Protein chains: 2
Amino acid sequence: MNKRRAARRRGLAASDDVMWSLMQAAHAVESQLEEALAQVELSGAKLAALTQLVEAGEPVALGELAARCACVRSNITQLVDRLEADKLVRRVDDAADRRSLRAAITPLGRERQAAGAKKVDEVRRKLGKALGAIDHAALKRALSDLD
Amino acid sequence: MNKRRAARRRGLAASDDVMWSLMQAAHAVESQLEEALAQVELSGAKLAALTQLVEAGEPVALGELAARCACVRSNITQLVDRLEADKLVRRVDDAADRRSLRAAITPLGRERQAAGAKKVDEVRRKLGKALGAIDHAALKRALSDLD
DNA sequence: CGGCGTTTATTCATATATGAATAATACAGT
DNA sequence: ACTGTATTATTCATATATGAATAAACGCCG
């Protein structure tokens with residue numbers, strides 16, 4: 001009932017099928033993630049970039065960062081602008097290529113990334129519990145087939 | 001493997017769990033929807049609003065439309081601006097309340113909505129096929145528990 | 001060497017979304 | 001009837017995303 005009204009609110013169709021359930025569920029989870037991250041002054045986009053930098057272990061060229069975040073370059077330009085304003089990242093020159101700039105995470109950025117990762121984990125755990133009885137592996141397998 | 005790399009690209013966590021599968025799957029489906037809708041010069045947001053108007057069967061006040069689209073008013077203001085520019089919708093005065101404006105769908109808007117709905121249905125069908133062997137009802141039930 | 005195609009990041013225009021601040025109108029209670 | 005509160009839509013600032021156009025630097029090929 002709830003679902004049907006929500007699907008209609010979403011507006012793309014009235015019938016409530018798997019497609020809508022999927023998108024609704026994802027939406028709900030994303031909201032929870034953003035909310036949790038907001039508590040540590042992060043967004044999903046920001047955490048994603050910071051996580052890439054932490055995992056890389058060294059400054060990453062902006063184009064490379066775009067590739068790893070699966071988005072276009074102009075997006076990263078802006079995101080790094082905001083991260084720099086937040087003091088979480090610095091742009092450093094690339095000695096070998098004067099066209100290239102690298103994003104270097106700051107100590108504060110590292111801290112923030114850790115805090116964000118923790119928040120994400122909490123949501124993940126909550127989600128696991130909510131899914132309770134469901135066979136996670138089976139669900140994952142089903143979802144993986146949609147790519 | 002593929003999934004793990006993608007999750008890492010998304011960057012919020014390295015472990016590939018149900019949460020990521022869910023968001024990935026939803027993302028993939030959304031992309032397909034947007035792509036299909038682009039073929040009839042629509043976006044998901046535009047189709048959602050048009051669908052509300054068709055279903056309402058009469059001009060809808062912008063605030064009401066915002067509620068039905070589950071978004072904030074300022075968003076609808078802009079969306080209706082674009083829909084009006086596309087000649088899919090007209091703003092009409094409300095006789096009873098001079099503060100209120102209503103969105104009235106145009107004949108072209110109706111056509112476009114129908115075309116969009118058809119595209120969505122095609123994606124839905126494709127998705128159903130892709131899910132093939134999976135028990136759709138069970139999957140839906142699982143996803144519905146995440147709200 | 002020098003010119004030309006490629007690659008880098010940035011800027012700009014646009015779409016979508018949110019939330020705060022604003023202006024106009026409505027309405028309730030005195 | 002007046003005053004103050006609420007509601008309407010809009011504007012503005014911001015965040016996220018895309019894609020086209022641009023400028024700077026790289027590198028290869030002749």
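Per chain, numbering begins at 1; letters A, B, ... match sequence-line order. If you're wondering where the values come from, they're calculated on a predicted model, not measured in any experiment.
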So which one's nearest nucleotide on DNA chain D is more toward 5', A:Cys71 or A:Ala96?
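Nearest nucleotide further toward 5': that of A:Cys71.
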Please work out if A:Arg102 contacts a base, only the sugar-phosphate, or nothing of the nucleic acid, heavy-atom cut-off 4.0 Å.
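Here A:Arg102 touches no strand at all.
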Using a strict threshold of under 4.0 Å (side-chain N to carboxylate O), is an ion pair present between [Y] and [X]?
{"X": "A:Arg124", "Y": "A:Asp121", "answer": "yes"}
{"X": "B:Lys118", "Y": "B:Glu122", "answer": "no"}
{"X": "A:Arg112", "Y": "A:Asp86", "answer": "no"}

Could you check how far [atom1] of [X] sits from [atom2] of [N], rounded to whole Å?
{"X": "B:Leu42", "N": "C:dA15", "atom1": "CG", "atom2": "C1'", "value": "14 Å"}
{"X": "A:Ile76", "N": "D:dT18", "atom1": "CD1", "atom2": "C1'", "value": "13 Å"}
{"X": "A:Arg73", "N": "D:dA21", "atom1": "CZ", "atom2": "C1'", "value": "14 Å"}
{"X": "A:Asp93", "N": "D:dA24", "atom1": "CG", "atom2": "C1'", "value": "13 Å"}
{"X": "A:Leu83", "N": "D:dA15", "atom1": "CG", "atom2": "P", "value": "11 Å"}
{"X": "A:Leu101", "N": "D:dA23", "atom1": "CG", "atom2": "P", "value": "18 Å"}
{"X": "A:Arg98", "N": "C:dT8", "atom1": "CZ", "atom2": "P", "value": "16 Å"}
{"X": "B:Asn75", "N": "D:dT10", "atom1": "CG", "atom2": "P", "value": "12 Å"}

For the student: nearest non-hydrogen atoms of A:Gln32 and A:Val123, plus distance:
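Distance-wise, the nearest heavy atoms are O-CG2, 4.1 Å.
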Does OP1 or OP2 of [N] have a side-chain N or O of [X] closer than 4.0 Å?
{"X": "B:Ser74", "N": "D:dT11", "result": "no"}
{"X": "B:Thr77", "N": "D:dT11", "result": "no"}
{"X": "A:Ser100", "N": "C:dT7", "result": "no"}

Here's a test of your reading of the structure: between A:Asp81 and A:Arg99, which maps to the more 5' nucleotide of DNA chain C?
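Its nearest nucleotide being more 5', the pick is A:Arg99.
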Nearest to the [X] side chain among [options], which nucleotide is it?
{"X": "B:Asp97", "options": "D:dC26, C:dT16, C:dT25", "answer": "C:dT25"}
{"X": "A:Ala45", "options": "D:dA17, C:dT16, D:dA9", "answer": "D:dA17"}
{"X": "B:Gln78", "options": "D:dT8, C:dT16, D:dG19", "answer": "C:dT16"}

Do B:Val92 and B:Leu101 sit in the same hydrophobic cluster, where Ile, Leu, Val, Met, Phe, Trp and Tyr count as joined when their side-chain heavy atoms come under 4.5 Å apart?
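B:Val92 and B:Leu101: separate clusters.
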